[in-house]
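Predicted model, so just to flag it, every value in this text is computed and none were measured. For reference, positions follow the sequence shown, starting with 1.
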Amino acid sequence: MLTRLGGRHSAACFSSLVPVTVGLLRARGSAAESAGYCKTHSCSTRSLRTSSKMASGGRTFAVEPKGQHTASLIFLHGLGDTGEGWSMSLGSMSTEHLRIVCPTAPTQSVTINMGMKMPSWFDIYGLGADAKLHGKQDEEGVKKSSEKLHEMIKDEEKRGVPRDRIVIGGFSQGGAVALHAGLTSSSPLGGIVALSTYLPMHKTIAAVATEASRTTPVLQCHGGEDSVVPIVVGEVTSSFLSGFVKEHKLKVYPDMEHSSCPEELQYLGYEVQLAVTRCS
């Protein structure tokens, strides 16, 4: 049995991704689609202005603002997913001035899936609380993806957006990269949003975290029924963050598994808007 950690959304207007565990693990190839693992995205409540380009990894999907671009959200997907679904989900909270960028991870072999190649920000060796808290981690892979995220932040700066109006985040594996990148940023960001995820290298991150990152607000959201990244892992991450950064929140959705839900995304939209407007 192969494992996909990209998560799933549970509302008609949010992207419907595959379950956490399926018999075939592919991003969105025709084989997976024909097997019924991938569903089409349905969001007709508003017209999304999207653009896409090939980045150093996979394809990057962006929801462009209708007005002047003055703030950005860069969001990283989970294992085996792509940026497309999240761009459609998060696009519903796009405002007149917020640009939403959802890159796709490079395709590479993943140990936990018997070496199968799929979009992945870094290699994963195990699941569950013990693996996340005490097991082997792909430190170089995390650092490499973190550096790519730093480059994407610079790209938004080149568009005229100051760093304190740039929010980074991600789901599961993508959230782990976002936390590492945010804590090693050379200057404060608008915020970090971490969904159903954990802090990689939590025992050594304090040695490389920057003083500037202490003023970047962090929002954690986690499902109480998450069996892939158990809530105890989220709580360990929360314990470190609450003692390191000046502003941190952990919001738990008791019945949610390793997925997302409309309530979470609605709250996420509120917090992102709050983060980018406080610096206006």
Donor-acceptor under 3.5 Å (Glu247 side chain, Thr215 main chain): no

Exam field: side chain Gln220 to backbone Ala194, donor-acceptor pair closer than 3.5 Å: no

Under the side chain to side chain contact (heavy atoms under 4.5 Å, CB included) rule, what do Ile124 and Asp138 come out as? Steps first, then yes or no, please. CA-CA 7 Å; Ile124 294 180; Asp138 180 13; over 6 Å; no

Under the criterion side chain to side chain contact (heavy atoms under 4.5 Å, CB included), I'd like the reasoning laid out for Val276 against Val167: C-alpha separation, chi angles, the key distance, then a yes or no. CA-CA 8 Å; Val276 298; Val167 176; 3.9 Å; yes

Ring pair (Phe, Tyr, Trp, His ring centres under 6.0 Å) against Phe244, all qualifying residues, sequence neighbours excluded: Phe240

Who are the ring pair (Phe, Tyr, Trp, His ring centres under 6.0 Å) partners of Tyr253, not counting sequence neighbours? none

Any idea which heavy atoms bring [X] and [Y] closest together, and the distance?
X      : Y      : answer
Gly190 : Pro217 : O-CG, 3.3 Å
Ser185 : Arg163 : OG-NH2, 2.8 Å
His202 : Val236 : CD2-CG1, 4.1 Å
Pro200 : Val142 : CG-CG1, 3.9 Å
Ala129 : Val232 : CB-CG1, 3.8 Å
Ala212 : Ser186 : CB-O, 3.5 Å

Would a single hydrophobic cluster contain both [Y] and [X], if residues Ile, Leu, Val, Met, Phe, Trp and Tyr are joined by side-chain heavy-atom contacts under 4.5 Å?
X      : Y      : answer
Leu179 : Val208 : yes
Leu265 : Val252 : no
Val233 : Ile231 : no
Leu189 : Ile205 : yes

Kindly indicate, with the supporting measurements, whether the criterion side chain to side chain contact (heavy atoms under 4.5 Å, CB included) is fulfilled by Thr197 and Thr237. CA-CA 9 Å; Thr197 190; Thr237 294; over 6 Å; no

Please determine whether side-chain hydrogen bond (donor to acceptor under 3.5 Å, both in side chains) holds for the pair Arg159 and Ser72, giving the CA-CA distance in whole Å, both sets of side-chain angles, and the decisive distance to 0.1 Å. CA-CA 10 Å; Arg159 291 174 175 266; Ser72 297; over 6 Å; no

Between Phe171 and the options Trp86, Tyr198, Phe75, the ring-ring contact (aromatic ring centres under 6.0 Å, His included) test singles out Trp86

Supply the atom-to-atom distance [X] [atom1] to [Y] [atom2], rounded to the nearest 0.5 angstrom.
X      : Y      : atom1 : atom2 : result
Leu149 : Thr184 : CG    : OG1   : 8.5 Å
Gln266 : Glu263 : CD    : CD    : 7.5 Å
Glu157 : Ser187 : CD    : OG    : 6.5 Å
Thr111 : Lys136 : OG1   : NZ    : 7.0 Å
His97  : Lys66  : NE2   : NZ    : 10.5 Å
His222 : His258 : NE2   : NE2   : 7.5 Å

Is the shortest heavy-atom distance from the side chain of [X] to the side chain of [Y] under 4.5 Å?
X      : Y      : answer
Pro103 : Phe61  : no
Val245 : Leu183 : yes
Glu64  : Arg99  : yes
His77  : Thr104 : yes
His150 : Ser146 : yes
Leu98  : Gln273 : yes
Ile166 : Ile74  : yes
His69  : Glu156 : yes

One thing to verify: whether Glu271 and Lys249 come together as a salt bridge, which I'm taking to mean a side-chain N less than 4.0 angstrom from a carboxylate O. yes

In terms of heavy-atom contacts, does OH of Tyr270 have more than 12 from other residues, nucleotides or ligands at under 6.0 Å? no

Residues in side-chain contact (heavy atoms from CB on, under 4.5 Å) with Glu211, at least two apart? Arg214

Under the criterion side-chain contact (heavy atoms from CB on, under 4.5 Å), which of Val229, Leu79, Leu195, Asp226 is the partner of Ser172? Val229

So if I apply the side-chain contact (heavy atoms from CB on, under 4.5 Å) rule between Ser238 and each of Val218, Leu250, Leu199, which one comes out positive? Leu250

Decide yes or no on side chain to side chain contact (heavy atoms under 4.5 Å, CB included) for Met201 and Lys143, but give the supporting numbers first. CA-CA 10 Å; Met201 295 100 77; Lys143 292 175 183 177; 4.3 Å; yes

State whether a side-chain donor-acceptor pair under 3.5 Å links Thr70 with Arg165. yes

